[in-house]
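The structure appears right after this line, and notes come after that.
Every chain is numbered from 1 and lettered A, B, ... according to where its sequence line falls, protein lines coming before strand lines. For clarity, every value in this text was computed on a predicted model and none was experimentally measured.
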2 protein chains.
Amino acid sequence: MAYRKTPAEIRRLTTAKERLVARATEVVAEVGWSQASVTAVADAAGIAAGSVYQHFPSKAALAVEVFRRAAGREVEVLGEVLHGPGGPVERLSRGVEVFARRALENRGLAYALLAAPAEPAVGAERLAFRRRYRALFAEVVREGVESGALPAQNGEITAAALTGAIGEVLVDPLGGPEDGAAEALLADLTAMALRCAGAPTA
Amino acid sequence: MAYRKTPAEIRRLTTAKERLVARATEVVAEVGWSQASVTAVADAAGIAAGSVYQHFPSKAALAVEVFRRAAGREVEVLGEVLHGPGGPVERLSRGVEVFARRALENRGLAYALLAAPAEPAVGAERLAFRRRYRALFAEVVREGVESGALPAQNGEITAAALTGAIGEVLVDPLGGPEDGAAEALLADLTAMALRCAGAPTA
DNA sequence: GGAAGCTGTGAATGATGCTTCACTTCTTCC
DNA sequence: GGAAGAAGTGAAGCATCATTCACAGCTTCC
């Protein structure tokens, strides 16, 4: 009998899978979901198309994994900022700025996560993550309202609006070339977000 | 020689094309772009699949026409409200409300126009129309700033944010079932939009 | 060393759905 | 009525890709 995987072998497989996800993420960031065929992704990872199916049961599963990893990092970062130190308004402002800054620093990926046409499975994942963004924003808004820093409002609506507004504001810059106006954009964007939540203007 | 089209024949062809676009719009509103195959659309219009190509050079061209007609109506309506009588803030408020109300009254179509997965040609059209929405909002915001009704701000950003915010807020209600909370939603949405533009709360 | 079994390969398979085309049906006009 | 030609048909053609599979190459462990 020769069928027990050695730790080294397990590590090799895991590494191969990690590498596949990483390369697939790069491909998606560069050419978008619709152009990221199984063949293209496999080529980028240096394996045969068929080998993808050693790691994932379908292309959709791989795509979902790519999305989750990348979007998960963003949720995590945003959560840390929004749950971090400072008053609700300050945290909201910093959260919006950090989120937008990270997107602008990694345009291709940000565009893929936010807006690029994608297969249904990825679309569903996108929806799910948008809900998570909303939930994070809603929490801070609610806190702000309770503390009196923000006026009474429907926090869910404001949170959804913030999510949509940030995405929409970023779509054009993310699609176009780097234009050097990033800092001005960030300032305008955070100002808008604060107005949106009803924070008194500084 | 028998190849001159009579007026009646021309009318018949035009009517057939109109009918095709109308039925295709219904199909898209019901099942979304991805399920609206040429066969399904042709069936709905009561013609053969091949006949679609008498009117449009490709499926994409038909889809684009469907999108343009439907989205064009919304741009027109929004434009009328935003250019109508009243102060900038009042018009902005009414514009948001009218836009959202129309979407909620025609959910399937609104979802298809705003968010449903679609082929690249439709995606491009969607982007183009979003720019038109933004331009309309930007105009009113600029007017409001000039008249002093709104605080100084980057009108383009606010306009993009309004477009994104409205879309995002509507996506969930449009996807789910009618829940009867439409009026409350509209009130919260317009309140958010006014805050977003910096209008003093009523 | 060598049997057993897992991983990797990439061409073949299969599904989907747009588009074409040979043919039929309808309209025009003498 | 009938010739000429357009519109309409729908099944076949075709392109695109995800997925499979028979086979080759490796790793494990006695």
From CG of A:Leu62 across to P of D:dT19 the rounded distance in Å is 10 Å
| request: May I ask you to decide whether B:Glu74 forms a salt bridge with B:Arg102, counting only side-chain N to carboxylate O separations under 4.0 Å? | output: yes
Checking C:dT7, D:dT19, D:dG10 against the side chain of A:Leu13 (C-beta onward), the nearest is C:dT7
Which of C:dG10, D:dA18, C:dT19 is nearest the side chain of B:Val38? It is C:dT19
Whole-Å distance, B:Lys17 NZ to D:dG8 C1', equals 17 Å
Separation of C:dT25 atom C1' from B:Ile47 atom CD1, nearest Å, is 16 Å
What I want to check is whether the side chains of A:Thr158 and A:Gln153 have a donor and an acceptor closer together than 3.5 Å.
yes
Can you tell me if B:Arg12 touches the phosphate of C:dT28, counting only side-chain N or O atoms and a distance under 4.0 Å to OP1 or OP2?
no
Among the nucleotides C:dT19, D:dA7, C:dT7, whichever has the atom closest to the side chain of B:Lys59 is C:dT19
Rounded to whole Å, the CZ-C1' distance (A:Arg11 to D:dT27) equals 15 Å
Between CD of A:Gln54 and P of C:dG5 the distance, given in whole Å, is 17 Å
Separation of D:dG8 atom P from B:Arg19 atom CZ, nearest Å, is 12 Å
| field | B:Ser51 vs D:dT9: side-chain N/O to OP1/OP2 distance below 4.0 Å | value | yes
Whole-Å distance, A:Glu119 CD to D:dC17 P, equals 13 Å
The reported gap from CG in A:Leu162 to CE in B:Met192 (rounded to nearest 0.5 angstrom) is 8.5 Å
*asked:* Quick test of your reading of the model: are B:Glu156 and B:Arg134 salt-bridged, counting only N-O distances below 4.0 Å?
replied: no
Whole-Å distance, A:Asp43 CG to C:dT9 P, equals 11 Å
Practice item. Show the numbers, then the answer: is there a side chain to side chain contact (heavy atoms under 4.5 Å, CB included) between B:Leu170 and B:Tyr111? Key: CA-CA 9 Å; B:Leu170 288 177; B:Tyr111 189 74; over 6 Å; no
Winner on side-chain proximity to A:Ser37, out of C:dT9, D:dT9, D:dA18, is D:dA18
